[in-house]
Novice: 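Pasting a structure here, questions to come.
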Amino acid sequence: MKKFITIMIATFLLPLAASSQEVVTFLHIEAAKETRQALKQMITDFERQNPNIKIEEKFMDNEAFKSKLSTMLHSKDAPDVFYVWGGGSYKELVRSGVLKDITNIHNSFDIINQNVSPAALEAFIVNGKIYGAPYQVTEVGFWYNMDLFAKAGIKAEDIQTWDDFLQACENLKQAGITPIAVAGADKWPLHFYWANLLVKLAGKPALMEAWKEGGDGFTDDVFLAASQLYVDFIHKDYFQKGFLTTTQNEGDGYFGDGKAAMILMGDWLESNQRSFAVDGIGVVNLGYFKFPYIKDGKGKNDTIGGINGWAISKNASDTATLWLQYLASLEGQKTFAQIAGLIPAAKGMKAHINNPYKKQIAENIEAADNVQIFLDQDLGSDIGRVVNDISADLAGTHATPKQAVEKLQKAWDFK
Amino acid sequence: MKVNKMASRRQWNIKEKWITLWLFLPPVLMLFTFFVILPMIEASYYSFFRWNGFGALNRFIGFKNYHYLLTDPIFYRSLMNSMLIIVVSLLIQLPLALLAALLIYKNHWSNTVFRLIFFLPFMLAEIATGMIWRFIYDGQNGAFATINRWFNQDGYQILGDSQWAFSAILITIVWKYFGFHMMIYIAGLQNINNEVLEASVMDGASPIKQVFHIKIPLIYSSIALSIFFSVLGALQAFDLIIALTGGGPSHRTHSLVSYLYEFGLVRRKIGYGSSIGVVLFIFSISFALIYQRYALRRDR
C-alpha cells in the first residue's frame, strides 16, 4: 500500500516538475533532411545548456506556412519563434504589430550584432529595432557547364563585365549551344536578371532611398535604363526556346541534362540540377561565377541574394529570445553550417563550410559592398509580384520598358 | 363531438408544424448565417480597407479598391475570359454533349462503353487534368511536339503564346465537362415515354424531326439544368487554369476566380481581394435570379 501511494504521488508530481520548465514553441519550414537534423542538434545542445527551457519544434510545409501564418499569429497557437524571409515580408510583419521588439531584452541586439555579419543583420533592423535575427544567406549567380564552355572556347574567369558576358553568350550560340536555361513560367528566375541589372546599375543605397516609406518608388530614370538593358538582352535570344512555359524543375533539369551552358540561380541549384536531370547525375563539371558588373554602374560590388531568419511573435516570453540568440550564435551557426551544409549568417563561418561552391558564395557575400534581398521578397508580396510580372512581360514582349515602369509605379502608388 | 376532435387534431397539426420548425430550422439557419451570410457581409466590409491580413483593420480607403479594380485591364481580360468560357460552354460544349447523348442514350453494351469513355474525363481531378494537358501541350516533348513538326514550328509552346493559350484552356474545358452534360441529357432522354416516340413514327416523323420536335422539347428541364451548371461552372473556373497556365503568360488567361486568388490572396491584399469577391458575387447572384425567374420557371 505504501508503495502504491508513493507511486501515485510520484505520477502526480512528475508532470508538475516537468511543467516548471518553460516551453518555447519553434516553427520552421525546413524540409531538407540535413537542415532538420542540424536544427534538432541545435535544440539538443541548447536544452542541455538551459535545462529549464524546453524547445517544442513544429514543422510546416512552405505553402501551408504562407497561407496559415496570418491566422496563426492572431490565435493562441502563435509560435514563439518562427521562420521568416528577411526584407519586405519581415517588415510587413513588423508594421502590422505582430512581432515583439527584443532590442533590449536580454541584450539581444548587442549579442546578435556581435555574431552576425552586418549585411545580414541589416535586413532585420526596422527603425533601429530588431524583432528577429538572420540565420542563413544565399546569393544568386551563374552556374555553368565547364564542358560546354570548353567546347565554345570560353573561360569563366574572363567574364567580368556585362559586355564580356554577352560576348560569351554569342560565342556559345555560334558554337550551336543554347547559352542559358531559364524557368520563365515561374517568373522569379527572370526577375533575377532584371534585379541584378538594376542593382549593378543603381547600387543598393539609391534603391533603398527610393523604396523607403514615402519614397519616390519607381520614378527615377535608372528603372527605365535597367529595363531597356534587360530587353536588349532578351532580344538577343540566348534562352532556350519557349522559355516562358518552362517551370523551375524543368529549367533545372534542362541545365542538368547539359542542354544549356548556363543558368542564373541560387545555391539550391547544385542539388536540383542533379535531381531533375534525366540521368539523376546532372552536370558533373559544374562551375559558378558571380553576376557580371556594368562598366559605369554604381553598384559594381553589390550582389543579390536571400537572407532568411527567425522572428519572435508578440506574445512570446522573454525566454524565447534566449533561443533566438542561440540560433544566431557562433556555436549554433557552426553546427548549422556543418550539418545542414547551408551558408550561415554569422561572421567567419567559411572554415566550417565543406561544399566548395557554398564556400565561394560565402566569400562573395562577405566581399560584397551590399546584399540586396531578392526584389520579389524585399518589396513585399504585392509589389514584389509586380516586379516578377514585368520581368516576364518584358521577356515576352507584352510590354515596353516604359509601360513596365509605369505598371510598377501604379502598384507603388496603390500600396 | 366529431367536430371537436377534428379541430383538436388540426390544432395539433399546427402545433406539430411549429415544433418541427423550431427543432429543425435553427441548425440550418445558424449554419447558413455563420458560413454564408456573415462572411459575405464581412467581405463587403473588408473591401473598403487596405489590409494585408495581418494586424488591425485601420486603413479605410473608401471605394479605392473598386476604382482600381474597374480600371485594371487584367480584370477586364479575366472577365472576358470567364464570359468566353460561358459562350464556348453554351455554343460548343452543350450541343456536342447533346449530339453524343442522342447517339448513345439507348441501352446497348457498345453505348455503355462509349458513355464510360466520354464520362471518364469528368471523373479526373481538375489538377490532374491540368497536369496531363500540360504534357500534351508541351511543344518540346508532348503530343503537341508532333503537330509542331508537321508545321515546322519546332519548340512552339501554345501555353506560352498569349494569343492562343486561352484557346488551349477552352479545349481542355470542353473535353473535361461535356461528358457530364451528356450524362444529364441521357438521363432525360431515357425518361421519355416510348409510346410517344412510337406514335410519332406512326405519324411519319423522320428521326431528325423526332429529335427537334419531341426529344429536345421533352428534355427541356435537363437542358435548363445543364445550362445552369455550365454557367456556374464557368464562373467558378479555377483549378484547371492554375494547373495549366497559372493565369499566364502575362495574366492573359485568368478567370475571375483565379484573378481573385492571384491579386487578392497571393499578393496579400485581402481588402482588394474582397472587392473582387463582391463583384463576382453580384455577377453570380444576378445570373441565378434572372435564370430562376425566366428559364427554370417554364417547367412548372
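Just so it is clear: chains get the letters A, B, ... in the order the sequence lines come, proteins before strands, and each one is counted from 1. Side chains included, hydrogens not; waters and symmetry mates left out as well; all remaining heavy atoms used.
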Novice: Look at atom CE of M80(B) and say whether more than 12 heavy atoms of other residues, nucleotides or ligands are closer to it than 6.0 Å.
Specialist: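 12 or below, so no.
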
Novice: Sort by residue number and list every member of residues 182-191 of chain A having a non-hydrogen atom under 4.5 Å from chain B.
Specialist: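 So the qualifying residues are K187(A).
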
Novice: Under a 4.5 Å heavy-atom cutoff, which of G160(B), G139(B), S162(B) has the most pairs with chain A?
Specialist: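 Of the candidates given, the most pairs with chain A belong to S162(B).
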
Novice: Out of curiosity, R267(B) CZ to I383(A) CD1, how far, rounded to the nearest 0.5 Å?
Specialist: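 Spacing of CZ (R267(B)) from CD1 (I383(A)) equals 10.5 Å.
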
Novice: Strictly below 4.0 Å, N to O, side chains only: are R50(B) and D382(A) in salt-bridge contact?
Specialist: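 Salt bridge absent between R50(B) and D382(A).
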
Novice: Which one wins on heavy-atom pair count under 4.5 Å against chain B: L69(A), I390(A), D389(A), V98(A)?
Specialist: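 Option with the top pair count is D389(A).
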
Novice: Test side-chain contact (heavy atoms from CB on, under 4.5 Å) on S70(A) and R268(B) and set out the steps.
Specialist: CA-CA 10 Å; S70(A) 64; R268(B) 295 224 137 279; 3.9 Å; yes

Novice: Set out, in order, the CA-CA distance, both residues' side-chain angles and the distance that settles side-chain contact (heavy atoms from CB on, under 4.5 Å) for K269(B) and F414(A), then state yes or no.
Specialist: CA-CA 11 Å; K269(B) 296 203 291 194; F414(A) 186 58; 3.8 Å; yes

Novice: Counting only heavy atoms from other residues, nucleotides and ligands, does the tally under 6.0 Å from CG of D279(A) exceed 12?
Specialist: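 Counting other residues, nucleotides and ligands, CG of D279(A) exceeds 12 neighbours.
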
Novice: Please classify the contact between N58(B) and chain A as side chain, backbone, both or neither, with a heavy-atom cut-off of under 4.5 Å.
Specialist: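 For N58(B), there is no contact with chain A at all, as no heavy atom is under 4.5 Å.
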
Novice: Distance under 6.0 Å and angle within 45° of the ring axis: does R385(A) meet both against F263(B)?
Specialist: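 Pair R385(A)/F263(B) does not count as cation-pi.
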
Novice: Is it the case that more than 12 heavy atoms not belonging to F60(B) sit under 6.0 Å from its CZ atom?
Specialist: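 Check passes, neighbour count above 12.
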
Novice: Do the side chains of Q157(B) and L244(A) get nearer than 4.5 Å, heavy atoms only?
Specialist: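 A side-chain contact is absent here, since even the closest heavy-atom pair is not under 4.5 Å.
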
Novice: Decide yes or no on side-chain contact (heavy atoms from CB on, under 4.5 Å) for Y68(B) and K410(A), but give the supporting numbers first.
Specialist: CA-CA 10 Å; Y68(B) 189 89; K410(A) 192 182 168 199; 3.6 Å; yes

Novice: Please find the pair of heavy atoms, one from T245(A) and one from L159(B), that lie closest to each other, and give the distance.
Specialist: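 Closest approach of T245(A) to L159(B): CG2-C, 3.6 Å.
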
Novice: Could you check whether atom CE of M123(B) has more than 12 heavy atoms from other residues, nucleotides or ligands sitting under 6.0 Å from it?
Specialist: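 It does: M123(B) CE has more than 12 such atoms within range.
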
Novice: Kindly write out the residues that satisfy side-chain contact (heavy atoms from CB on, under 4.5 Å) with D393(A), not counting sequence neighbours, or none if the list is empty.
Specialist: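 Scan of D393(A) (side-chain contact (heavy atoms from CB on, under 4.5 Å), adjacent residues dropped) gives H398(A), A399(A), K407(A), S250(B).
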
Novice: Around H67(B), counting heavy atoms of other residues, nucleotides and ligands shown, do more than 12 lie under 6.0 Å from its NE2?
Specialist: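 No, the 6.0 Å shell around NE2 holds no more than 12 heavy atoms from other groups.
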
Novice: Counting only heavy atoms closer than 4.5 Å, note whether L93(A) contacts chain B via side chain, backbone, both or neither.
Specialist: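 For L93(A), side-chain heavy atoms alone lie under 4.5 Å from chain B.
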
Novice: Is the number of heavy atoms from other residues, nucleotides or ligands under 6.0 Å of Y261(B) OH greater than 12?
Specialist: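 Atom OH in Y261(B) is not crowded, with 12 or fewer foreign heavy atoms closer than 6.0 Å.
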
